[in-house]
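Accompanying notes for the structure given below.
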Protein chains: 2
Amino acid sequence: MSADNKHAEICDAPDTHTDVVELVRNTMPDDELLYDLADLFKVFGDTTRIRILYALEREMCVCDIAEVLGMTQSAISHQLKTLKQSKLVKSRREGKTVFYSLDDDHVRDIIDRGIEHITE
Amino acid sequence: MSADNKHAEICDAPDTHTDVVELVRNTMPDDELLYDLADLFKVFGDTTRIRILYALEREMCVCDIAEVLGMTQSAISHQLKTLKQSKLVKSRREGKTVFYSLDDDHVRDIIDRGIEHITE
DNA sequence: TGAAAACATGAACAAATGCTCATATGAAAG
DNA sequence: CTTTCATATGAGCATTTGTTCATGTTTTCA
């Protein structure tokens with residue numbers, strides 16, 4: 001909690017900079033949380049996965065998703081695994097086919113915020 | 001608008017699948033929008049950039065950000081460029097130093113939604 | 001004008017990532 | 001039990017990406 005002056009390492013700045021650095025350091029969330037957060041957004045950061053999430057406004061089976069996106073069943077399956085691990089989609093088995101849908105409302109929420117930013 | 005039966009290409013599914021595929025296809029946003037959206041989230045999908053955004057709750061100069069994160073000035077500068085191109089941060093010059101801050105409220109909004117999802 | 005400080009940028013390299021191809025798993029039908 | 005359909009998964013490969021290192025810009029001050 002002591003203010004160990006690291007001023008020398010910082011740019012040739014007025015003393016306020018040192019204060020700001022210390023202050024911001026203390027108000028930053030745990031690195032673990034920020035790491036998980038980046039990992040979550042990384043999942044949204046791919047065109048295929050975003051398109052899958054949009055398609056899943058309605059529950060769909062794997063091969064139909066592949067059909068909608070015009071992509072391989074394998075490619076879709078791989079991405080669905082990623083999406084499921086991040087708890088963005090859930091699955092339900094019915095015989096041979098597996099139906100996927102959005103896991104909760106957060107998903108659409110996050111996407112909508114992104115669209116807001118883009119189309120402002 | 002005609003329902004050109006692509007049933008053969010789809011999994012051995014009841015006719016409803018074909019309908020769903022067509023329906024979802026028509027309700028999907030333009031690929032360009034989805035591409036831009038993925039690009040936006042891609043920017044959030046990196047630990048360094050997320051940490052920078054958190055640090056910028058207060059306006060800071062480049063070298064102070066580098067100090068807070070314990071990283072090179074060059075690395076930070078590169079990432080700030082990415083963040084600026086996505087309109088997530090803005091900059092203001094004051095003599096030799098350049099101060100960065102969040103561009104608008106959407107940024108913190110999007111991040112908060114992400115945290116909600118993680119810490120649920 | 002010349003040097004130093006703060007920042008920006010280009011090239012290069014290592015690490016992460018997404019798709020493809022082949023194959024494995026699991027369920028239903030014959 | 002064997003086959004077939006829907007899906008899952010592992011390895012391989014090409015592309016993307018983040019950092020480092022060296023250098024370029026811009027501003028200030030002597």
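Chain naming here is simple, since letters A, B, ... match the order of the sequence lines and numbering starts at 1 in each. When reading the values below, keep in mind they use all heavy atoms of this one structure, side chains included, and skip hydrogens, waters and symmetry mates.
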Return the value, rounded to whole Å, for the distance between atom [atom1] of [X] and atom [atom2] of [N].
X     : N      : atom1 : atom2 : answer
A:M60 : D:dT7  : CE    : C1'   : 15 Å
A:F99 : D:dA6  : CZ    : C1'   : 11 Å
B:K96 : D:dA30 : NZ    : C1'   : 12 Å
A:D64 : D:dC5  : CG    : P     : 16 Å
A:K42 : C:dG18 : NZ    : P     : 9 Å
B:K84 : C:dA8  : NZ    : P     : 8 Å
A:D39 : D:dG18 : CG    : P     : 13 Å
A:Q85 : D:dT9  : CD    : C1'   : 12 Å

If you count every heavy atom of other residues, nucleotides or ligands that lies below 6.0 Å from A:E32 atom CD, does the total exceed 12?
no
For the residue pair B:R49 and B:Y54, would you count it as a cation-pi contact if the rule is NZ or CZ under 6.0 angstrom from the ring centre and within 45 degrees of the ring axis?
no
Is a side-chain N or O of B:R51 found less than 3.5 angstrom from the main chain of B:L69, in a donor-acceptor match?
yes
Any heavy-atom pair between the side chains of [Y] and [X] that's under 4.5 Å?
X     : Y      : value
A:L56 : A:S101 : no
B:M71 : B:I65  : no
B:L88 : B:L40  : yes

Mind checking A:Y100 for me? I need base, sugar-phosphate or nothing, with any heavy atom below 4.0 Å counting as a touch.
sugar-phosphate
Of the nucleotides C:dA8, D:dT7, C:dA6, which one has an atom closest to the side chain of B:V98?
C:dA8
Candidates D:dT27, D:dG18, D:dA8 - which lies nearest the side chain of B:R49:
D:dG18
Nearest 0.5 angstrom please: A:I50 CD1 to B:L37 CG, how far?
4.5 Å
Position toward the 5' end of DNA chain C (nearest nucleotide), B:V62 or A:D46
B:V62
Between residues 69-81 of chain A and DNA chain C, which residues have a heavy-atom gap below 4.0 Å?
A:M71, A:T72, A:S74, A:A75, A:H78, A:Q79
